[in-house]
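Step one of this worksheet: look at the structure below.
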Amino acid sequence: MALYVMKFGGSSVGDTERMQRVARRVAEKQDEGHQVIVVVSAMGDTTDDLIDQAKLLSPEPPTREMDMLMTTGEQISIALLSIAIHQLGKKATSFTGWQAGFRTEAVHGKARIIDIQPSRVLEALKEGNIVVVAGFQGMTDDGEITTFGRGGSDTTAVALAAATSADVCEIYTDVDGIYSTDPRIVKNARKLNEISYDEMLELANLGAAVLHPRAVEYAKHNQVRLVVRSSFNHNEGTVVKEDAHMEQGVVVSGIAYDKNVARISIVGVEHVPGVLAKVFGSLAEAKIDVDIIVQSGDQEDKADFSFTVALSDRENALKVIEGLSEEVPFREVTSEDGLVKVSIVGAGMVSHPGVAAQMFDVISKQGVNIEMVSTSEIKVSCVIAGGKLNEVVQALHTAYGLDTDNQAFVGGPKDRR
Ligand code: ADP
Ligand code: ASP
Ligand code: MG
């Protein structure tokens with residue numbers, strides 16, 4: 001008997017029929033003699049729809065109320081899935097994130113998990129239940145409801161697998177596994193049999209929606225056996241593990257993109273020591289992650305800075321900067337959206353000079369300007385205008401030899417994110 005954590009994303013529980021399919025799949029697992037914890041997301045586009053409704057009432061809804069609102073989506077799913085499992089003659093109990101013991105820091109919209117006390121989950125398992133847990137939610141010590149950020153149900157699943165010493169954590173989604181790039185953009189993307197935690201962490205951080213970055217962090221830290229596979233078939237998925245066997249001689253193993261990018265520029269900042277520390281220290285205090293930072297237009301005693309943040313952090317970041325205008329005098333602060341970040345990732349890159357130059361060349365051949373660049377030993381990222389994203393990703397995929405003859409399988413409908 002093994003303990004399985006099986007997580008199903010929004011498109012896998014998008015309607016009643018899919019919910020029943022999930023119920024059958026987890027019941028089968030129990031019939032095989034295993035214990036099962038199921039983590040579910042909100043149905044289909046529910047989270048997007050809830051956000052849209054709030055935005056109709058206020059352009060900037062309070063983050064606390066957004067967490068109150070968004071967590072209802074997952075609560076609908078857990079109750080319905082438990083009902084569907086009961087209908088199959090099996091015992092099932094659903095728990096919200098806080099009932100399952102998720103304690104988080106007090107940050108709305110992107111809280112980190114502090115601790116998990118899964119005693120009720122373990123108790124219910126012992127009593128023969130299939131335990132159904134709501135993804136992406138927890139509670140602070142003060143009893144406030146929090147969420148883990150978009151896509152955070154993956155993190156619920158992996159964290160629960162670690163806390164219950166589960167044998168495996170399976171992430172069921174609408175594609176067959178992890179591919180060399182998003183198979184919805186590149187039809188002949190390559191399915192990977194395995195990938196290392198580090199490469200997957202890089203891809204996830206750079207926007208590959210297939211796994212939430214913190215889920216990969218958790219899996220690596222706790223050595224959770226993590227598998228990504230389709231909820232629409234029984235094909236073998238992709239195993240994420242410590243030392244994955246990647247193909248020999250492959251320099252670039254994956255391509256990611258991120259549409260969730262805003263650029264903020266501060267123009268005419270006084271060029272004195274401590275300015276950068278003040279600006280980025282204040283952004284960090286406001287829990288705003290800054291990505292690529294570029295200093296430009298250095299004239300005499302003034303400098304210009306540009307940096308990128310998540311689109312959802314744009315308004316907050318602008319407020320923080322405007323609040324600094326006394327301490328850090330500047331001429332103007334502007335922001336821009338419609339940008340995307342395209343990244344190539346590969347552990348083999350470090351020993352191959354010219355990989356970045358080739359990327360710049362491929363992008364320029366698509367007639368696209370590169371706005372910002374950042375590199376590390378295993379990745380190169382370029383910020384570009386979003387208009388030709390698909391063409392650029394496809395061209396890079398071909399240029400780095402990642403195309404296959406196979407058509408990538410895509411099972412579910414495209415969600416709107
Ligand atoms: P779920 O609702 O199951 O959590 P997501 O939409 O969050 O599903 O993640 C699955 C999607 O991730 C796929 O439909 C695919 O479009 C996208 N994706 C992006 N990059 C990759 C990749 N490298 N491999 C597989 N899927 C990817
Ligand atoms: N429902 C949340 C979202 O859409 C969490 C998740 O699906 O992982 O982002
Ligand atoms: Mg997801």
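Each residue takes its place number in the sequence, starting with 1. Just so you know, ligand 1 is whichever comes first in the structure, and atom 1 is the first atom listed for that ligand.
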| task | Would you kindly specify which portion of Met70 sits under 4.0 Å from ligand 2, judged on non-hydrogen atoms: side chain, backbone, both or neither? | result | neither

| Can you find a side-chain donor-acceptor pair between Thr146 and Asp67 that sits under 3.5 Å? | no

| Any nitrogen or oxygen of Thr47, main chain or side chain, under 3.5 Å from a nitrogen or oxygen of ligand 2? | yes

| task | Could you list the atoms of ligand 1 found under 4.0 angstrom from a heavy atom of Ile178? | result | 24 (N)

| said: Under a 3.5 Å cutoff, is there a donor and acceptor pairing between the side chains of Ser253 and Glu199? | reply: yes

| note | Honestly, for Asp182 the part within reach of ligand 1 (heavy atoms, under 4.0 Å) is both

| request: Can you tell me which residue pairs pass the side chain to side chain donor-acceptor pair (under 3.5 Å) test with a partner in residues 28-43, sequence neighbours excluded? | output: Gln30-Lys90, Asp31-Lys90, Ser41-Ser153

| Does ligand 1 have an atom that lies less than 4.0 angstrom from a heavy atom of Gly10? | yes

| message | So which atom in Ala385 and which in Val340 form the shortest heavy-atom distance, rounded to 0.1 Å? | response | O-CG2, 4.1 Å

| note | Across all chains, not counting sequence neighbours, the salt bridge (Lys or Arg N to Asp or Glu O under 4.0 Å) partners of Glu127 are none

| request: Please state whether the rings of Phe307 and Phe280 are parallel, tilted or perpendicular, taking 30° and 60° as the class boundaries. | output: perpendicular

| query | Can a salt bridge be assigned to the pair Asp167 and Arg225 using a cut-off of 4.0 Å between side-chain N and carboxylate O? | reply | no

| message | Under a plain distance cut-off of 3.5 Å, with no hydrogens placed, do Lys379 and Ser374 share a side-chain donor-acceptor pair? | response | yes

| query | So, Asp48 and Lys55, do they make that salt bridge, N to O below 4.0 Å? | reply | no

| Is there a heavy atom in Gly10 that sits closer than 4.0 Å to ligand 2? | no

| Side chain, backbone, both or neither: which part of Lys7 comes within less than 4.0 Å of ligand 1 when only heavy atoms are counted? | side chain

| Numbered atoms and elements of ligand 1 in range of Asp174, under 4.0 angstrom, heavy atoms | 10 (C), 11 (C), 13 (C), 14 (O)

| remark: CD1 of Ile195 to CG of Asn193, rounded to nearest 0.5 Å, is 11.5 Å

| Atoms of ligand 2 close to Ser153 [distance to a heavy atom under 4.0 angstrom, numbered from 1] | 5 (C), 6 (C), 7 (O), 8 (O)

| message | Taking a cutoff of less than 4.0 Å between a non-hydrogen atom of the residue and any ligand atom, is His212 in contact with ligand 2? | response | no

| note | Counting from 1 in the order shown, the ligand 1 atoms closer than 4.0 Å to a non-hydrogen atom of Tyr179 are 22 (C), 23 (N), 24 (N), 25 (C)

| request: Mark the output for Ala256 as yes if a heavy-atom distance to ligand 1 is under 4.0 Å, and as no if none is. | output: no

| message | Is there a polar contact between ligand 1 and Asp154, counting only N or O atoms under 3.5 Å apart? | response | no

| field | Student check: side-chain heavy atoms of Thr181 and Leu402 closer than 4.5 Å | value | no

| query | Looking only at heavy atoms, is any part of Ile171 under 4.0 Å from ligand 1, and if so is it the side chain, the backbone, or both, or is it neither? | reply | neither

| message | I'd like to check which ligand 2 atoms, numbered from 1 as shown, lie under 4.0 Å from a non-hydrogen atom of Glu74. | response | 1 (N), 2 (C), 5 (C)

| query | Is the centre of the Phe305 ring less than 6.0 Å from the centre of the Phe330 ring? | reply | no

| note | Quick note on ligand 1: atoms under 4.0 Å from a heavy atom of Gly177 include exactly 24 (N), 25 (C)

| Counting from 1, what ligand 1 atoms have a heavy atom of Ala209 closer than 4.0 Å? | 7 (O), 9 (O), 12 (O), 19 (C)

| remark: Separation between CG (Leu81) and CD (Gln20), nearest 0.5 Å, reads 10.5 Å

| Atoms in ligand 2 with a heavy atom of Ser41 nearer than 4.0 Å | 6 (C), 7 (O), 8 (O)

| said: With a cutoff of 4.0 Å, is Pro183 in contact with ligand 1, counting heavy atoms of the residue only? | reply: yes

| task | Examine Arg150 against ligand 2 and note whether any of their N/O atoms are separated by less than 3.5 Å. | result | yes

| field | Test of proximity, Gly151 against ligand 2: N or O pairs below 3.5 Å | value | yes

